[in-house]
Amino acid sequence: MNLDEFFLIEKYFKPLATNKAAQNLSDDAAKISLKVDEELVVSKDMTVEDVHFLKSDGGYNIAAKLLRTNLSDLAASGAVPLHYMLGFSKTIAMDEKFVKEFAQGLKDTQNEFALNLIGGDTVKAHDKLFFSLTIFGKIKKKQILSRKNAKNGDLIFVSGNIGDAYLARVLGNKKFLSRHLLPTPRIKLGQTLAKNKLSQCAIDVSDGLLADLQHICDESNLSADIFSDKIPVSDKSVPILDLISAGDDYELIFSAKKQHLKKILSLSKTLDVKISCIGYFKKDQKNSINLFDSKNNKINFSQYGYRH
Ligand code: ADP
Ligand code: MG
């Protein structure tokens with residue numbers, strides 16, 4: 001079946017364009033208003049059939065994960081989600097049921113995180129499906145979190161448990177399937193850290209704890225000492241290096257001054273998210289990560305294809 005582009009927009013995407021910024025998808029461009037002391041935070045993610053998803057995952061999960069992973073980028077900046085734009089491909093083989101479920105996945109996620117669709121583009125594709133989503137958020141200029149902003153002596157925190165997506169995706173543990181298919185972007189946590197000036201530095205874990213922590217080290221010019229028995233995991237029988245190299249966690253790593261330790265740990269209750277302190281940043285010439293076991297012996301992880 002060859003679905004008509006205007007029919008799809010009218011029936012499935014217009015109902016998601018609930019804000020006046022979208023101008024009911026009837027103008028050439030959307031308009032986003034900001035106050036003078038606010039910054040627009042923008043991020044884009046693309047997802048491609050057979051690389052990032054299987055068609056058998058279903059339209060609902062494909063759309064929801066795409067929006068949730070994009071929201072995770074906003075979470076890492078501390079921004080409040082506002083809007084998103086959608087790049088949508090349709091193949092000859094795509095049926096209306098798929099589009100309907102895709103739109104439902106977007107709808108439930110945009111309701112959960114209070115944002116809305118403001119436009120996009122629709123193209124014909126040959127065999128593989130692909131989707132692209134650009135997300136917009138706002139934040140007060142002075143509050144934005146960045147991977148550049150860690151300071152010598154700051155404590156290192158992570159949200160949630162690390163490696164759950166790996167337990168589902170690679171080890172086939174069904175208990176963690178929803179953590180893999182529908183990750184939880186830590187929007188409230190990012191916002192709370194930023195608003196209360198508890199942190200200036202965060203990153204979301206998409207490539208793995210080690211890889212993403214290394215990004216902070218590189219950009220902030222610091223090394224990190226972290227302790228394996230402090231890293232929160234769901235299954236202690238799985239090698240820790242597998243769990244912290246795997247990625248797709250969409251948890252936050254963030255840094256904070258020691259004096260904020262208590263306040264940060266107490267956010268765990270108010271925001272209903274696990275928060276763990278896993279180590280600290282220090283200044284040396286290496287800008288690298290040192291991982292220690294429970295006996296304070298250094299664990300070598302160079303064989304993990306991990307870049308120093
Ligand atoms: P243009 O010719 O400028 O590309 P289109 O005819 O493609 O415009 O789109 C018409 C309107 O529908 C625009 O407001 C556009 O943002 C919106 N639109 C098109 N595709 C999508 C989509 N996949 N999701 C959301 N909005 C869309
Ligand atoms: Mg177009």
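These values consider heavy atoms only, across backbone and side chains, with no hydrogens, waters or symmetry-generated copies. For clarity, every value in this text was computed on a predicted model and none was experimentally measured.
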| task | Using the salt bridge (Lys or Arg N to Asp or Glu O under 4.0 Å) rule, collect all pairs that involve residues 223-234, keeping only residues at least two apart or in two chains. | result | D225-K282
| Under 3.5 Å donor-acceptor, D235 side chain and S237 backbone | yes
| message | Whether E251 and R179 form a salt bridge (side-chain N of Lys/Arg under 4.0 Å from carboxylate O of Asp/Glu) is what I want to check. | response | yes
| task | Among residues two or more places apart or on two chains, list those pairs meeting salt bridge (Lys or Arg N to Asp or Glu O under 4.0 Å) that have a residue in residues 56-75. | result | K65-D248, R68-E112
| task | Test side-chain contact (heavy atoms from CB on, under 4.5 Å) on I264 and L155 and set out the steps. | result | CA-CA 11 Å; I264 284 171; L155 299 175; over 6 Å; no
| said: Quick check: is I231 connected to F176 through a chain of hydrophobic side chains (ILVMFWY, heavy atoms under 4.5 Å apart)? | reply: yes
| message | Does K35 have more than 12 heavy atoms from other residues, nucleotides or ligands lying within 6.0 Å of its NZ? | response | no
| E39 and L34: CA distance, side-chain angles, deciding distance, side-chain contact (heavy atoms from CB on, under 4.5 Å) verdict | CA-CA 8 Å; E39 193 119 56; L34 286 179; over 6 Å; no
| Does a donor on one side chain sit under 3.5 Å from an acceptor on the other, for T122 and K90? | no
| query | T91 and D127: which non-hydrogen atoms are nearest, and at how many Å? | reply | CG2-O, 3.6 Å
| Are L167 and I240 joined in one hydrophobic group, where the rule is that I, L, V, M, F, W and Y side chains link up if heavy atoms are under 4.5 Å apart? | yes
| Under 3.5 Å, is there a donor-acceptor pair between the side chain of D249 and the main chain of G163? | yes
| said: If you count heavy atoms of other groups shown closer than 6.0 angstrom to CD of Q285, is the number above 12? | reply: no
| message | Could you tell me if N300 and S302 have a donor-acceptor pair between their side chains, going purely by distance under 3.5 Å? | response | yes
| Reported CG-to-CG distance for the pair L25 and L117, which is rounded to 0.5 angstrom | 6.0 Å
| said: For S268 versus V273, what's the shortest heavy-atom pair and its separation? | reply: OG-O, 2.7 Å
| Does any non-hydrogen side-chain atom of D154 lie less than 4.5 Å from one of K257? | yes
| note | Heavy-atom nearest pair, I203 first then H215, reads CD1-CB, 3.6 Å
| Can any side-chain N or O of N19 pair as donor or acceptor with the backbone N or O of A22 at less than 3.5 Å? | no
| query | Taking D293 for the side chain and S228 for the main chain, is one N or O donor matched with an acceptor at less than 3.5 Å? | reply | no
| Is the side chain of K100 donor-acceptor paired with the backbone N or O of G59 at a distance under 3.5 Å, no angle test? | no
| More than 12 foreign heavy atoms under 6.0 Å from NZ of K188: is that the case here? | no
| query | Between S276 (side chain) and I278 (backbone), is there a donor-acceptor pair under 3.5 Å? | reply | no
| said: Has N196 got a side-chain atom pairing as donor or acceptor with L198's backbone, closer than 3.5 angstrom? | reply: no
| query | Do the ring centers of F88 and F131 come within less than 6.0 Å of each other? | reply | yes
| For L67 and Q110, which heavy atoms make the closest approach, and how far apart are they? | CD2-N, 4.1 Å
| query | Taking the side chain from Q143 and the backbone from A79, do they hold a donor-acceptor pair closer than 3.5 Å? | reply | no
| Under a single-linkage definition using a 4.5 Å side-chain heavy-atom cutoff for Ile, Leu, Val, Met, Phe, Trp and Tyr, are L86 and L16 assigned to the same hydrophobic cluster? | yes
| From CA spacing to verdict: side-chain contact (heavy atoms from CB on, under 4.5 Å), K151, F281 | CA-CA 7 Å; K151 297 283 180 291; F281 288 108; over 6 Å; no
| message | Between S89 (side chain only) and L129 (backbone N and O only), is there a donor and an acceptor less than 3.5 Å apart? | response | no
| task | Take N221 and N287 through the side-chain contact (heavy atoms from CB on, under 4.5 Å) test and state the conclusion after the steps. | result | CA-CA 6 Å; N221 242 317; N287 296 351; 2.8 Å; yes
| query | Ignoring hydrogens and geometry, is there a side-chain-to-backbone donor-acceptor pair from E96 to L3 under 3.5 Å? | reply | no
